[in-house]
Protein chains: 2
Amino acid sequence: MLTERQRLILNAIVDDYIRSAEPVGSRSISKKSGVGYSPATIRNEMADLEELGFLEQPHTSAGRIPSAKGYRYYVDHLVRIGEVDEEDLRCVRSFFARKMTRMEQIIQHAAMILASLTNYTSIVLGPEVFSNSLKAFQLVPLNDQSAVAIIVTNTGHVENRTISIPPGFDINELEKVVAILNAKLVGVPLHRLQTKLYTEVSEELNRYVSHCEEIIDTLAQALEQRTEHRAFTSGTSNMLTQPEFRDVNKVKSILEWLDETPALVRSFSPKQEGIQVRIGQENADEALQNCSLITATYVVDGTTIGTIGLLGPMRMDYGKAITLMDILSKDLAAVLAKWYN
Amino acid sequence: MLTERQRLILNAIVDDYIRSAEPVGSRSISKKSGVGYSPATIRNEMADLEELGFLEQPHTSAGRIPSAKGYRYYVDHLVRIGEVDEEDLRCVRSFFARKMTRMEQIIQHAAMILASLTNYTSIVLGPEVFSNSLKAFQLVPLNDQSAVAIIVTNTGHVENRTISIPPGFDINELEKVVAILNAKLVGVPLHRLQTKLYTEVSEELNRYVSHCEEIIDTLAQALEQRTEHRAFTSGTSNMLTQPEFRDVNKVKSILEWLDETPALVRSFSPKQEGIQVRIGQENADEALQNCSLITATYVVDGTTIGTIGLLGPMRMDYGKAITLMDILSKDLAAVLAKWYN
DNA sequence: GTTAGCACTCGACGTCGGTGAGTGCTAACC
DNA sequence: GGTTAGCACTCACCGACGTCGAGTGCTAAC
C-alpha cells in the first residue's frame, strides 16, 4: 500500500535511526545517495508516513523516529537479510570447529557468541526434555539411605535426582529394580514415565522385589519435580550500552525480567518453528514493551528441543541479528545432527 | 585506638549512611537518642575521624560519609551481628523445610532467597567436584557412534559427557569396559582419573577388550574438559535499586563482571573457610572497587565444595547481610549433611 | 509534482541569583 | 580542659531566563 518512494524513505529512516539512535531529519535523508529528492519532498512524505502510523515525532521540532508499526513493516518488507560481515562469519565458523562434549555447553557458547557479535542480550532455554524418551535408567547408591537416580534420554540428555532409600529396603536389590525398570521403561516418553511406573512396572516389580511400593513412590515423586526450564543469559550488560536505556529505571524492569526464569520461559513458550521477531508491544510481557525479541528454535534428532533468543531495543539491527541467528541456528542444527546422528 | 565516643559516633554515622545513602551531618547525629553531645562536639570528633581516615567529605558543605577504612572498622569492631528479623528467619526456615531432590537446586534457591531478603545480588559457585572421588561410572550408548559417559561422585554429584565411539569398536563390549573401569577406578579422586586411566586401567583393559586404546583416549579427552565452574547469579537487578548506581556507567562494569564467569571464579577462589567480607579496593577486581563482597563457604561430607557470595554497594547493611549468610550457610550445611549422611 | 524560502517550535545548554544544609572557627561557659 | 552557642562561610541544588539550532509546516514559485 506504500508507494515505492515511501518505502525508500521509511527504509532510510529506519536504517539511519538504527545506526544513530537519534531522530532523523528530512535533510539527512535527502543527502543520502540513492535518494534524489529535496528535503521538502521528504518532509511531505514523512508527514504522510506519520499519518499512516509508520513514524513518530518525539516533539514538533525534532526529526522522525520509526513507530512499532514502522519497525514491523521494515522487518516484514524492507530489511536485507543475508549480508554478513566476513569477520563475524569467521568467528561463528571457528566456534563450530571446536570440539565439545556437552550439548548444553555448545548451546550456551553459541548464545554467548551471538551476544558478543550483536552487542545485544541473548537467552537460551535449556533443552526441553519433556517429550524425549527414556534411553537408560540407573540407580547409584551413595550410602544406606540415599541414592542417585539417573535418566538418560534419546537425545543424550542426562537428568539426575537424589532420592532417599526407604528404610528396610535391601540395597542389594537395587540392581533388580534397575533391570526391571529398564526393561519396562526404555523408549517411553518422559512425561509418561510416572503413569507407567504405577501401572505396568508396579506389579512386575512386586513379584520380584519386596518393599518396592516405597521405592516406586519415591521415584515417582522425584520425577514429579520436572526439571524447570533452565535459562541462560549472556550479554546482559550489553543492554546498558544502548542509549535508550541510559536511564536506570528503563533497564531495571528488563533486568528483572531476565532474572526471573519463569517469566522468560512463559514468554518463549508459544514456540513456532524458525525465526520469529516480536517488536515492542507484540511482547505480552510488560517489561519488554520497549524491546524487540528475536527467537529461533533448535533441533536435535528431528524434534525441536529448545529456543535461542536475542533481546535488544526496538531500535535493533534486525538485518544483522536475523542473519546471524539464521546462520547460527542452522549451524547448530547441523552440528547437533551430526553429533547425535 | 579510637576513644569510646569516637566509636559511638563512627557507628552512628555508618548506620545512618547505610540507611539513607546521604552524607550525615553533625546535627542528625546529635539528635539521636544515646548521643548526649551537641552538634559542635560531634563536628570536632568528625574532623578528627576524617583526619584519621575513617570518614570522607564529598564537598566542604556536606556531611560526612564513611571511607573504606571506616567500613572496615565498622565491620571488624562495631557491627551488631545476630539480630534477625523474625520475618526473614521464617522465610529461611520455611525454605529449608521444603523437599528438594537436587543439590544444585537447593543451593541456587538458597542464593535466590538471600538475594530477595537482602536486596543485593547473590552469586553461587557450582560445586567444586574436582577433589571428589568417583562413586560410579556408566556408559550409555546412544547409537552406533556415540555414547554418554556418566560419572557419579561421592557427594552425589553427576557429571556427563557425550563421547564418540571409535569405529570398529564392538558396542557389546561396552559393558565389559564399564565393569573394569568401575572395578579399577571407584574411590579415585576425579583429578587423578586421567593418570589412572593410562597407568592401571590400560593394560587390564587390553587383556579383555580389543580396540580399547581409542576408547581410553576418548575418555581421557572428555575428562580433560574439566567442568568449568558454573556460576549462578540472582538479584542482578537489585544492583540498580541502589542509589549509588543510578548512573548506568557505574553499574555497567559490575554487570559485565557478573556476566563473566571466569572473573567471578577467580575472585572467589582464594576461598577461606567461613564468612569473609571484602570492602571496596580489597576486591582485586577493578569492577568491584565501589562494592563489597561477602562470601561464605558451604560443606558437604566434610569438605568445602562451594561458595555463596553476596554483592552490594560499599554502603551495605553488613549486619543483616552477615547474619543472614551465617544462618543460611549453617542451615545449608545441616541440610546437606543430613541429606548425604 | 517538486522545491526554495521563511516563520515558527521546542528541546538543549549555559548563566545567574536565591536557598539551605552543613561546616570550621572562635569565644564563652561549666 | 572539655563542651557548646554563635556566626561567617561554602557549595550543591533548583528554578528562571535567554540563546542557539535543528527541524518542521506551509506557501508560493518553478
Side-chain angles (χ1 to χ4, degrees), chain A residues 2-10 12-17 19-67 70 243-244 246-247 250, chain B residues 2-10 12-17 19-67 70 243-244 246-247 250:
Chain A
L2 293 188
T3 67
E4 197 52 44
R5 192 166 74 185
Q6 282 174 325
R7 293 159 58 100
L8 177 75
I9 291 174
L10 180 56
I13 291 177
V14 176
D15 278 344
D16 225 51
Y17 188 64
R19 250 192 337 92
S20 70
E22 267 165 30
V24 184
S26 54
R27 224 178 84 89
S28 62
I29 296 297
S30 165
K31 274 193 297 189
K32 272 213 167 124
S33 74
V35 184
Y37 302 100
S38 76
T41 311
I42 308 284
R43 276 207 291 284
N44 286 329
E45 294 286 24
M46 279 162 90
D48 288 350
L49 282 170
E50 184 174 355
E51 216 163 301
L52 290 169
F54 293 100
L55 295 179
E56 282 169 3
Q57 215 171 3
H59 59 267
T60 328
S61 72
R64 302 301 208 290
I65 62 173
S67 66
E244 34 265 277
R246 222 175 314 144
D247 178 11
K250 297 235 177 72
Chain B
L2 293 187
T3 68
E4 197 52 44
R5 193 165 73 184
Q6 283 173 323
R7 294 158 56 100
L8 178 75
I9 292 173
L10 180 57
I13 292 176
V14 176
D15 279 343
D16 226 50
Y17 188 63
R19 249 191 340 92
S20 70
E22 267 165 29
V24 183
S26 52
R27 222 177 87 88
S28 61
I29 297 295
S30 166
K31 275 193 298 188
K32 270 210 168 127
S33 73
V35 185
Y37 302 99
S38 77
T41 311
I42 308 286
R43 276 206 291 281
N44 286 329
E45 293 288 22
M46 279 162 90
D48 288 350
L49 282 169
E50 183 172 357
E51 216 162 301
L52 290 169
F54 293 101
L55 296 179
E56 282 169 2
Q57 217 171 1
H59 58 266
T60 328
S61 71
R64 303 300 209 291
I65 62 173
S67 66
E244 33 267 277
R246 222 173 316 146
D247 179 11
K250 298 235 177 73

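Reckoned from all heavy atoms, side chains included, excluding hydrogens, waters and symmetry mates. Every value quoted in this text rests on a predicted model; they were computed, and no experiment measured them. Below, chains carry the letters A, B, ... as their sequence lines are ordered, and counting in each starts from 1.
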Chemist: Pairs counted as Watson-Crick or G-U wobble with both distances under 3.5 Å: what dot-bracket string results for DNA chain D, using | for bases tied to another strand?
Modeler: ||||||||||||||||||||||||||||||
Chemist: Kindly check if the number of other-residue, nucleotide or ligand heavy atoms within 6.0 Å of NZ (B:Lys32) is above 12?
Modeler: yes
Chemist: Test side-chain contact (heavy atoms from CB on, under 4.5 Å) on A:Phe54 and A:Ile13; report intermediate values, then the result.
Modeler: CA-CA 11 Å; A:Phe54 293 100; A:Ile13 291 177; over 6 Å; no
Chemist: Go nucleotide by nucleotide along DNA chain C from the 5' end; which of B:Ala40 and B:Gly63 gets its closest nucleotide reached first?
Modeler: B:Gly63
Chemist: Please figure out whether B:Arg5 or A:Met46 has its closest DNA chain D nucleotide nearer the 5' end.
Modeler: B:Arg5
Chemist: Using whole Å, report how far OH of B:Tyr37 lies from C1' of C:dC30.
Modeler: 15 Å
Chemist: For the pair A:Ser30 (side chain) and A:Ser26 (backbone), establish whether a donor and an acceptor sit closer than 3.5 Å, ignoring hydrogens and angles.
Modeler: no
Chemist: With a strict under 4.0 Å distance from non-hydrogen atoms of chain B, what nucleotide opens and what nucleotide closes the contacted stretch of DNA chain D, reading 5' to 3'?
Modeler: D:dT3 to D:dA12
Chemist: So what does A:Thr60 hit on the nucleic acid, given a heavy-atom distance under 4.0 Å: a base, only sugar-phosphate, or nothing?
Modeler: sugar-phosphate
Chemist: Applying side chain to side chain contact (heavy atoms under 4.5 Å, CB included) between B:Leu55 and each of B:Ile65, B:Val24, B:Leu10, report the one that passes.
Modeler: B:Leu10
Chemist: Passes side-chain contact (heavy atoms from CB on, under 4.5 Å), B:Tyr37 versus B:Ile9? Steps please.
Modeler: CA-CA 10 Å; B:Tyr37 302 99; B:Ile9 292 173; 5.7 Å; no
Chemist: Round to a whole Å and report the spacing from CZ of A:Arg246 to P of C:dA12.
Modeler: 10 Å
Chemist: Taking the nucleotide of DNA chain D with the nearest heavy atom to each, does A:Arg43 or B:Ser61 sit closer to the 5' end?
Modeler: B:Ser61
Chemist: Output yes when a side-chain donor or acceptor of B:Ser20 lies under 3.5 Å from a complementary backbone atom of B:Asp16, and no otherwise.
Modeler: yes
Chemist: How close or far is atom C1' of C:dC10 from atom CD of A:Glu22, stated in whole angstroms?
Modeler: 16 Å
Chemist: Taking atom CZ as the centre, does B:Arg246 end up with more than 12 heavy-atom neighbours from other residues, nucleotides or ligands that are less than 6.0 angstrom away?
Modeler: no
Chemist: A:Ile29 has an atom CD1; how far is it from atom P of C:dT2, in whole Å?
Modeler: 17 Å
Chemist: Find out whether A:Leu8 and A:Glu45 are in side-chain contact, i.e. whether some heavy atom of one side chain is under 4.5 Å from a heavy atom of the other.
Modeler: no
Chemist: Using whole Å, report how far NE2 of A:His59 lies from P of C:dG11.
Modeler: 6 Å
Chemist: Just verifying a value: how many Å separate A:Leu49 CG and A:Gln6 CD, rounded to the nearest 0.5 Å?
Modeler: 5.0 Å
